[in-house]
Engineer: 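Handing you a structure now.
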Amino acid sequence: MSGRVFEFRDLTADTAVTADVCVVGSGCGGATVAHRLAARGVDVVVLEQGGYYPTGSFDQDELNMNAKLSAERSLKTSADGGTSLLYGHNVGGASVHYWADSFRTPADRLALWAQRYGITGHDVATLTPAWDELTQTLSVHEAPDEYFNRMNQLVRQAATTLRWRGDRVPAARRNCQKSGHCMQGCLYEAKRSQLVTHLRTAVENGARIYADVRAQHLDFAAGRVQSLRAQIIDRARAAPSAATLTVRARAFVVAAGGYNSAAFLLRNGLARQLPALGKGFGFNPSPMVHALYDEDIVLWRNIPAAWGIDEFRLARYDSHGRYTEGGYLLMPNQIQPAMLAATLPLFGDAHGEWMHQLARIGSTIGWIDDHPDELGEIRVDSKGAARVHYPFGPITTAMLRDLVRKQLQLQFAAGAKRAVVSGSQALSFRPGESLGAVDGLAVTAAGLHMGAPHPSGGCAMGPSPATAVVDSSHRVHGFQNLFVADSSVFPTAVSVDPSFTIMAFSYVAAQQVAAELGGGSARETHPDGARRATA
Ligand SMILES: Cc1cc2nc3c(=O)[nH]c(=O)nc-3n(C[C@H](O)[C@H](O)[C@H](O)COP(=O)(O)OP(=O)(O)OC[C@H]3O[C@@H](n4cnc5c(N)ncnc54)[C@H](O)[C@@H]3O)c2cc1C
């Protein structure tokens with residue numbers, strides 16, 4: 001029996017539903033769990049606080065789509081105001097505006113997680129069948145040359161000149177139309193987001209998705225979650241409505257994303273039992289360098305990153321253990337004109353001079369692999385709002401400076417005539433000039449502008465409730481039927497873009513949730529009651 005998507009307009013009165021499994025969040029983590037469980041005949045309800053925007057509603061307008069798909073219109077920042085927190089807030093989560101780069105977790109990272117953090121059951125051999133299947137389901141492949149925009153071509157050429165290792169980026173696309181609107185939601189469904197893949201199959205297999213519904217309160221009894229109470233959001237007013245939704249289920253999966261899962265559990269008072277909750281948080285801070293070229297680049301067309309540099313993925317240290325360089329991926333950047341204007345660190349005539357040459361502006365970006373000894377923390381303030389604290393320790397600072405320096409080297413090797421570092425310091429360079437000023441680059445609030453699209457940690461996986469939040473079966477320590485399935489379970493950053501790791505981990509999580517259910521499903525035992533919303 002097919003499920004359906006409910007929205008706020010369907011939920012005008014207090015509503016109660018039952019299911020086998022209630023999933024909070026519909027991004028790569030939640031959608032994958034829902035897809036896997038629904039395919040087994042499990043009755044699944046997915047709660048998503050953001051709106052439901054079907055593909056046909058995408059208008060390719062940068063600002064409209066930013067408001068719909070990017071949480072807080074991309075204006076939410078870390079507690080110090082310095083880093084833009086970029087994440088999803090809609091059915092499909094961040095996958096609807098992600099770039100779709102789909103890297104399998106490096107074997108060295110899985111080995112680190114096993115050896116240093118005690119994670120079991122998430123090794124290469126276990127995850128490979130998931131990745132093989134996801135490669136088919138999401139059409140993951142490396143793009144041929146015709147999908148390289150000019151920025152990608154230049155990055156590849158310059159990296160070859162500098163002898164930096166790089167490669168084509170595997171990405172989840174099918175029949176790409178080169179529109180360049182990956183971050184605005186793909187009107188052509190070429191980008192294989194969760195909206196058009198896992199959520200669609202989950203609904204075909206009976207899952208019910210409740211958009212505009214914010215999960216709030218877990219009711220516990222005897223180490224089990226009995227039910228979840230949620231607030232319905234009136235999307236027309238962007239405010240909570242008077243109505244609530246209560247879900248009774250046999251298992252609950254928190255997949256609210258790296259910026260929200262720990263906060264949700266903190267609001268539910270779990271810090272008392274789980275001191276690690278909210279801790280060990282990373283977000284891959286990502287500085288950008290914009291540059292002017294003598295030729296048209298047209299950053300906003302075709303695939304964002306068809307080719308990227310992985311020469312520096314792992315940080316390098318000297319024989320005394322002192323950091324020397326690396327610890328990041330370096331990529332061509334893709335941003336549309338409004339975001340470009342906002343992140344160009346210039347004012348008045350200088351800003352106008354660059355914007356008049358908009359088509360000739362190129363850009364690069366990189367994301368650092370958060371150092372495990374310099375991670376941050378998510379806390380919840382007195383009003384229940386999540387606050388992201390990140391220390392920018394000495395190694396992190398050195399990594400960011402090195403990443404900025406490498407971006408400048410890369411862009412000048414690619415033929416840039418001028419380059420500026422995004423941030424209020426507005427460091428500006430011309431070819432052949434010393435890059436020494438980068439050594440003094442202040443990594444302070446807005447001094448260096450950074451986006452943070454890859455949150456990790458806060459509900460770290462590990463064997464002990466003293467140092468971890470979930471065990472290797474994704475089960476929250478001490479709670480039999482409460483699971484977490486998203487990037488918050490990673491004990492460190494992944495060192496590559498995280499979506500394929502999140503999905504493969506969610507295969508494991510779905511398997512464990514199914515084991516918890518054992519035989520029988522609410523759908524089999526209560527066919528009408530499980531299916532019918534009172535809406
Ligand atoms: C611009 C951009 C580009 C990116 N490009 C790539 C890329 O190319 N490759 C890659 O691997 N990764 C990329 N990422 C990162 C990737 O998209 C995310 O890491 C991934 O999609 C996160 O999935 P998730 O399920 O953990 O969380 P999310 O996608 O954030 O999903 C969580 C969902 O839970 C909902 N939620 C939160 N709290 C509640 C609540 N209380 N009740 C109900 N719902 C709630 C949120 O609204 C959200 O929709 C990119 C991210 C951004 C921002």
Side-chain angles (χ1 to χ4, degrees), residues 22-34 46-52 66 69-72 74 84-105 138 140 169-173 182-184 191 193-195 198-199 209-218 228-233 245 253-265 267-268 283-284 286 303-305 308 329 331 333-335 339 365 367 384 386 451-456 458-459 484-490 493-494 496-503 505-506:
C22 174
V23 180
V24 177
S26 64
C28 291
T32 304
V33 167
V46 179
L47 308 184
E48 168 55 56
Q49 68 180 0
Y52 173 52
N66 189 41
L69 302 180
S70 195
E72 320 243 3
S74 306
S84 302
L85 311 181
L86 302 173
Y87 58 104
H89 184 86
N90 50 279
V91 173
S95 75
V96 181
H97 69 170
Y98 80 157
W99 285 7
D101 307 347
S102 302
F103 294 104
R104 299 183 182 208
T105 328
L138 306 187
V140 173
V169 174
R173 282 192 183 77
C182 303
M183 276 172 67
Q184 286 74 48
K191 193 183 72 173
S193 74
Q194 299 298 297
L195 179 69
H198 287 159
L199 291 175
I209 298 172
Y210 289 89
D212 309 314
V213 170
R214 179 176 299 142
Q216 285 184 315
H217 187 78
L218 296 170
L228 185 157
R229 270 185 285 133
Q231 180 74 60
I232 294 161
I233 310 294
L245 178 74
V253 181
V254 181
Y259 286 118
N260 284 300
S261 284
F264 173 72
L265 295 178
R267 278 184 221 111
N268 275 280
F283 59 3
N284 282 188
S286 308
I303 290 179
L329 293 186
M331 297 276 173
N333 196 8
Q334 181 170 80
I335 42 180
M339 187 70 87
I365 189 168
W367 27 93
H454 305 152
S456 63
C459 300
V484 180
D486 59 27
S487 62
S488 65
V489 305
F490 304 153
V494 186
V496 293
D497 310 39
S499 64
F500 233 37
T501 305
I502 297 170
M503 287 184 241
F505 269 51
S506 294

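Here the structure is a predicted model, which means the values were calculated and not measured. In each ligand, atom 1 is the first atom listed, and ligand 1 is the first ligand listed.
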Engineer: If only side-chain N and O atoms count, and only distance matters, is there a donor-acceptor pair under 3.5 Å linking Q194 with S95?
Structural biologist: no
Engineer: List every atom of ligand 1 that sits less than 4.0 Å from any heavy atom of A100, numbering the atoms from 1 in the order shown and giving each element.
Structural biologist: 7 (C), 8 (O)
Engineer: With nothing but distance in play, are any N or O atoms of M183 less than 3.5 Å from an N or O of ligand 1?
Structural biologist: no
Engineer: Going through the distances and angles, do H198 and M503 end up as a side-chain contact (heavy atoms from CB on, under 4.5 Å)?
Structural biologist: CA-CA 10 Å; H198 287 159; M503 287 184 241; 4.1 Å; yes
Engineer: Which of the atoms of ligand 1 are close to R214, meaning less than 4.0 Å from one of its heavy atoms?
Structural biologist: 41 (N), 42 (N)
Engineer: Under a 4.0 angstrom heavy-atom cut-off, which atoms of ligand 1 come close to G25?
Structural biologist: 33 (C), 34 (O), 35 (C)
Engineer: What pair of heavy atoms forms the shortest contact from S286 to N284, and how long is it?
Structural biologist: OG-O, 2.7 Å
Engineer: Any idea which atoms of ligand 1 are less than 4.0 Å away from a heavy-atom of N90?
Structural biologist: 49 (O)
Engineer: Give me the residue, atom name and distance of the protein heavy atom closest to atom 44 (N) of ligand 1.
Structural biologist: Q49 N, 3.0 Å
Engineer: Taking all non-hydrogen atoms of both residues, which atom of R173 and which atom of K191 are closest, and how far apart?
Structural biologist: CG-CA, 4.2 Å
Engineer: Purely on distance, is any nitrogen or oxygen of N260 under 3.5 Å from one on ligand 1?
Structural biologist: no
Engineer: Identify the two heavy atoms, one from P304 and one from Q334, that lie closest to each other, and give their separation to 0.1 Å.
Structural biologist: CG-OE1, 3.2 Å
Engineer: Can you see which heavy atom on S26 is nearest to which on V91, and at what distance?
Structural biologist: OG-CA, 3.4 Å
Engineer: Run the side-chain contact (heavy atoms from CB on, under 4.5 Å) test on I502 and V489 for me, step by step, so that the C-alpha distance in whole Å, both residues' side-chain angles and the decisive distance to 0.1 Å come before the verdict.
Structural biologist: CA-CA 9 Å; I502 297 170; V489 305; over 6 Å; no
Engineer: Among all protein heavy atoms, pick out the one at the shortest distance from atom 50 (C) of ligand 1; state its residue, atom name and that distance to 0.1 Å.
Structural biologist: Y98 CB, 3.6 Å
Engineer: Can you tell me how far the OH atom of Y259 sits from the OG atom of S487, to the nearest 0.5 Å?
Structural biologist: 9.0 Å
Engineer: Tell me the protein heavy atom at minimum distance from atom 22 (C) of ligand 1, and give that distance in Å.
Structural biologist: I502 CD1, 3.7 Å
Engineer: How long is the span from the OG atom in S488 to the CG atom in N260, to the nearest 0.5 Å?
Structural biologist: 10.0 Å
Engineer: Would you indicate which of C28, A256, A485 comes nearest to atom 37 (C) of ligand 1 when only heavy atoms are counted?
Structural biologist: A256
Engineer: Do you see a donor-acceptor pair shorter than 3.5 Å between the side chains of D497 and W367?
Structural biologist: yes
Engineer: As an exercise, state the distance from OG of S70 to CG of L86, rounded to the nearest 0.5 Å.
Structural biologist: 5.5 Å
Engineer: Check if V213 has a non-hydrogen atom at a distance under 4.0 Å from any atom of ligand 1.
Structural biologist: yes
Engineer: Would you please say whether a donor-acceptor pair under 3.5 Å links the side chains of T501 and T105?
Structural biologist: yes
Engineer: How far is atom 47 (O) of ligand 1 from the closest protein heavy atom, and which atom is that?
Structural biologist: E48 OE2, 2.6 Å
Engineer: What do you reckon, does G30 have a nitrogen or oxygen under 3.5 Å from a nitrogen or oxygen of ligand 1?
Structural biologist: no
Engineer: Measure the distance from atom 5 (N) of ligand 1 to every protein heavy atom, then report the residue, atom name and distance (to 0.1 Å) of the closest one.
Structural biologist: W99 N, 3.0 Å
Engineer: Any nitrogen or oxygen of H97 lying under 3.5 Å from a nitrogen or oxygen in ligand 1? Just yes or no.
Structural biologist: no
Engineer: With heavy atoms under 4.0 Å as the rule, classify the contact between H454 and ligand 1 as side chain, backbone, both or neither.
Structural biologist: side chain
Engineer: Which residue holds the protein heavy atom closest to atom 12 (N) of ligand 1, what is that atom called, and what is the gap in Å?
Structural biologist: P498 CD, 3.6 Å
Engineer: I need the atoms of ligand 1 closer than 4.0 Å to a non-hydrogen atom of D486, numbered in the order shown.
Structural biologist: 26 (O)
Engineer: May I ask you to check if ligand 1 and Y87 share an N or O to N or O distance below 3.5 Å?
Structural biologist: no
Engineer: Distance-only, no hydrogens or angles: does the R229 side chain make a donor-acceptor pair with backbone N or O of H217 under 3.5 Å?
Structural biologist: no
Engineer: So which heavy atom in the protein is nearest atom 9 (N) of ligand 1, and how far is it from that ligand atom?
Structural biologist: D101 O, 2.7 Å
Engineer: Of all the atoms in ligand 1, which lie at a distance below 4.0 Å from a heavy atom belonging to L86?
Structural biologist: 53 (C)
Engineer: For atom 41 (N) of ligand 1, state which one of G51, G27, A215 supplies the nearest heavy atom.
Structural biologist: A215
Engineer: Distance from N66 atom CG to M339 atom CE, nearest 0.5 Å?
Structural biologist: 5.0 Å
Engineer: Heavy atoms only: which of S95, P453, S499, S488 is nearest to atom 51 (C) of ligand 1?
Structural biologist: P453
Engineer: At what distance is the nearest protein heavy atom to atom 18 (C) of ligand 1, and which residue and atom is it?
Structural biologist: A94 CB, 4.1 Å
Engineer: Measure the spacing between CG of L195 and OH of Y52 and express it to the nearest 0.5 Å.
Structural biologist: 6.5 Å
Engineer: By number and element, which atoms of ligand 1 are closer than 4.0 Å to a non-hydrogen atom of A255?
Structural biologist: 32 (C), 34 (O)
Engineer: I want to know if ligand 1 touches G258 in the polar sense, i.e. an N/O pair below 3.5 angstrom.
Structural biologist: no
Engineer: Quick check: closest heavy atoms across L199 and G92, and the distance to 0.1 Å?
Structural biologist: CD1-N, 3.6 Å
Engineer: Within a distance under 4.0 Å of any heavy atom of V24, pick out the atoms of ligand 1 and give their elements.
Structural biologist: 40 (C), 42 (N), 43 (C)
